[in-house]
Amino acid sequence: MDKTKPFKFKFFLFIIAIFIYIIIITTVKTSRSYRSIPPPRRALDTCPFQISNQSITPLENTKHFLVSAYMDQRVKGFDMRIISIFRRDSIQTLYCLFCCAGHLSNTTLVTVLVHEDHFGFPFSATDVMCQIPPNCEATHVTLLTQPDGVKVSNHTWLPIKNKKTSREEEKTFQFDFTVCISTLYGDYNNVLQFAQTLELYRLLGVGRVVIYNTSAGPELNRLLKTYSQEGLVEMVEWPIHKHLNPSNGWLFSKYGGDLHYYGQLVTLNDCIYRSMNRSRYVLLNDIDEIIMPYQHDNLKSMMDMLQQQHPDAAMFHIESHVFPYKFFTKGKDTPLPQWRGVPGFNILERIYREDPDKNIFHPRKMIIQPRLVEQTSVHDVLKTFGQKYKVPMEVCRIIHCPTVPQNERLFSQHEDTRLWDFKDKLIQRVNEMLRRGGLLSSEGES
């Protein structure tokens with residue numbers, strides 16, 4: 001019996017050792033598994049709850065839509081400007097609610113500024129203005145229809161952009177020039193003209209082209225993807241037709257619909273604020289228009305001269321000249337066969353310029369300093385902190401190459417081959433982009 005005691009004692013120690021080993025292994029595995037589990041989401045009393053990643057966001061319990069929110073302290077008494085689309089006959093009292101680095105602010109009363117150019121349409125470009133409460137480091141904003149008692153978890157929040165708006169020191173801009181194109185619709189597929197226009201702008205010194213896209217054709221979508229990947233084009237999807245019945249004309253009494261020209265006024269204003277802190281100048285024009293300097297080789301040289309001559313100017317008005325559809329040349333100087341099979345037409349064939357009719361309204365387009373512009377329409381700024389200047393046509397004019405034939409005109413035409421000054425570099429660059437987009441056939445390359 002005495003001999004069995006040591007054996008039992010050793011066996012007891014062995015069992016204890018195994019038990020301790022199992023506990024250690026289990027503890028290590030458990031701690032590892034805990035580390036692999038992602039941290040829990042924030043409690044529902046924090047904010048924001050639901051952040052919009054869309055360019056058009058319906059506003060809860062209203063007939064309105066929010067587009068984007070920007071810090072803007074240029075107008076006394078306000079900190080925030082929300083670019084919006086409001087139904088003009090249904091405006092009610094609204095309140096701003098901010099997410100202050102994770103917690104909710106007190107609500108502040110809203111001032112609604114409907115843009116004066118709405119051309120009779122029920123819906124209009126609208127600015128929503130409000131203050132940020134004291135001691136709030138605002139990151140997101142939403143609008144409420146009552147100051148309290150609202151279940152804010154049902155609301156969608158907009159991220160606040162352009163947080164740094166101080167102009168105390170000279171800014172270093174990412175781009176000298178940004179072009180705002182609004183909007184592409186109707187399965188627009190004029191690929192050749194589009195590529196030529198973008199490459200010409202690049203030669204003139206444009207660093208960014210912002211395009212609001214409702215619907216483009218299949219070939220143009222391929223080209224847009226190529227330009228987006230290399231950084232020249234910034235695509236903003238603009239599904240306005242999913243929310244409203246947009247008009248394809250500029251006047252409600254003639255064309256009908258809910259909103260002017262696919263929301264052109266909204267996108268132009270959004271593009272100005274989108275570009276405010278990153279671009280020295282913004283060009284506001286259509287895709288079939290090129291703002292062309294005639295005394296300088298690039299836009300920077302021209303604007304340096306104009307800005308020096310007119311230091312208080314916030315907007316530079318550029319006169320438009322039509323290069324008609326039916327007047328063109330097909331001589332050996334134009335490379336039309338090289339682009340056979342590419343959708344669209346060749347702007348290098350447009351070498352005859354019309355004199356505008358001075359007896360009727362003659363539309364102009366603009367080059368602006370975005371930090372000095374508050375609101376814009378299509379052909380003029382609505383609110384500005386600076387002066388306006390009409391640029392002489394011998395210095396700069398718009399080369400307008402409409403896609404479809406215009407009404408018969410009896411005005412005189414003049415040969416204008418300014419585009420040919422860029423022909424060699426332009427052809428080379430267009431070919432490269434069409435090739436990269438898979439749009440230049442082997443026959444065209446030969």
Side-chain angles (χ1 to χ4, degrees), residues 46-62 64-87 91-116 124-148 150 152 154-168 171 236 263 265-279 282 370-376 381-385:
T46 61
C47 62
F49 303 101
Q50 184 173 273
I51 302 174
S52 175
N53 60 359
Q54 304 297 315
S55 58
I56 304 171
T57 303
L59 178 58
E60 188 82 10
N61 300 319
T62 73
H64 312 317
F65 302 88
L66 306 182
V67 175
S68 48
Y70 297 95
M71 186 85 79
D72 185 10
Q73 298 170 319
R74 297 172 301 167
V75 179
K76 187 176 180 179
F78 297 110
D79 302 306
M80 182 64 45
R81 184 183 302 267
I82 304 175
I83 307 295
S84 310
I85 304 170
F86 271 39
R87 186 174 175 94
I91 297 175
Q92 65 259 60
T93 302
L94 295 169
Y95 303 86
C96 275
L97 180 66
F98 294 93
C99 178
C100 308
H103 67 272
L104 294 175
S105 73
N106 295 323
T107 55
T108 60
L109 190 62
V110 155
T111 296
V112 177
L113 303 176
V114 177
H115 288 213
E116 64 182 55
S124 173
T126 304
D127 291 340
V128 174
M129 310 290 289
C130 59
Q131 286 184 314
I132 299 175
N135 304 317
C136 173
E137 186 181 339
T139 60
H140 298 78
V141 63
T142 191
L143 295 183
L144 308 178
T145 55
Q146 48 186 311
D148 49 41
V150 177
V152 296
N154 293 335
H155 285 253
T156 303
W157 297 72
L158 298 182
I160 298 172
K161 306 173 185 177
N162 294 357
K163 292 182 183 180
K164 296 180 181 180
T165 58
S166 173
R167 298 184 300 174
E168 295 178 358
K171 286 182 176 291
V236 181
L265 295 171
V266 184
T267 57
L268 287 176
N269 281 274
D270 178 71
C271 192
I272 288 176
Y273 283 87
R274 181 183 293 263
S275 308
M276 191 163 290
N277 287 346
R278 68 185 185 189
S279 188
V282 169
R371 291 153 300 285
L372 297 178
V373 172
E374 187 181 350
Q375 291 180 355
T376 192
V381 291
L382 300 178
K383 293 184 179 181
T384 178
F385 301 100

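Values reported hereafter were calculated over all heavy atoms of this structure, with side chains retained and with hydrogens, waters and symmetry mates removed. Remember, it's a predicted structure, so these values are computed and weren't measured experimentally.
- For the side-chain contact (heavy atoms from CB on, under 4.5 Å) test, residues two or more places apart in sequence or in another chain that qualify with Glu60 are His155.
- Of the options Leu59, Asn61, Leu158, a side-chain contact (heavy atoms from CB on, under 4.5 Å) to Leu143 is made by Leu59 and by none of the others.
- Remark: Thr384 pairs with no residue by the side chain to side chain donor-acceptor pair (under 3.5 Å) rule, at least two apart or across chains.
- Contact annotation: the side chain of Phe385 approaches that of Val75 to within less than 4.5 Å [non-hydrogen atoms, C-beta and beyond].
- Although no hydrogens or angles enter the test, the distance criterion places no donor-acceptor pair under 3.5 Å between the side chain of Asn162 and the main chain of Met71.
- Applying the salt bridge (Lys or Arg N to Asp or Glu O under 4.0 Å) definition to pairs two or more places apart or across chains, those involving residues 124-137 are Arg81-Asp127.
- Listed by chain and residue number, His115, Glu116, Asp117, Gln375, Ser377 satisfy the side-chain contact (heavy atoms from CB on, under 4.5 Å) test with Leu382 (two or more places apart in sequence, or in another chain).
- Every residue meeting the side-chain contact (heavy atoms from CB on, under 4.5 Å) condition with Thr139, not counting sequence neighbours, appears here in chain and number order: Cys99, Lys163.
- Without hydrogens or angle criteria, Arg274 side chain to Thr267 main chain gives no donor-acceptor distance under 3.5 Å.
- Residues forming a ring-ring contact (aromatic ring centres under 6.0 Å, His included) with Phe78 (at least two apart in sequence, or on another chain): none.
- A search for side chain to side chain donor-acceptor pair (under 3.5 Å) contacts involving Ser279 returns Thr178, not counting sequence neighbours.
- Residues Tyr95 and Asp148 fail the side-chain proximity criterion, which asks for heavy atoms closer than 4.5 Å.
- Separation of atoms OG (Ser68) and CD1 (Ile56) is listed at 10.5 Å; rounding is to 0.5 Å.
- In this structure, the separation between OG1 on Thr145 and CG on Leu94 is 7.5 Å, given to the nearest 0.5 Å.
- Considering CD1 of Ile132 and SG of Cys100, their distance stands at 8.0 Å, rounded to 0.5 Å.
- Phe86 is listed as a side-chain neighbour of Val128, based on a closest heavy-atom distance under 4.5 Å.
- Take Tyr273 and apply the ring-ring contact (aromatic ring centres under 6.0 Å, His included) test, not counting sequence neighbours, and it matches Tyr70.
- Of the inter-residue distances, the one linking Leu268 atom CG with Ile83 atom CD1 reads 11.0 Å to the nearest 0.5 angstrom.
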Name every donor-acceptor pair, under 3.5 Å, that has one atom in a side chain of residues 105-113 and the other anywhere in the protein, sequence neighbours excluded.
| residue | atom | partner | partner atom | Å |
| --- | --- | --- | --- | --- |
| Ser105 | OG | Phe98 | N | 3.0 |
| Ser105 | OG | Phe98 | O | 3.4 |
| Thr107 | OG1 | Pro147 | O | 3.2 |
| Thr108 | OG1 | Gln131 | O | 2.9 |

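- Atom-to-atom distance recorded for Ser55:OG and Asp270:CG is 8.5 Å, nearest 0.5 angstrom.
- By the side chain to side chain donor-acceptor pair (under 3.5 Å) test, His64 pairs with Gln92, sequence neighbours left out.
- The shortest non-hydrogen separation linking Phe65 to Pro58 is CD2-CA, 3.7 Å.
- Minimum interatomic distance between Thr142 and Thr156 (heavy atoms only, all atoms of both residues): OG1-O, 3.0 Å.
- Remark: Thr126 engages no residue in a side chain to side chain donor-acceptor pair (under 3.5 Å) (not counting sequence neighbours).
- A distance of 10.0 Å separates CG in Leu97 from SG in Cys130, rounded to the nearest 0.5 Å.
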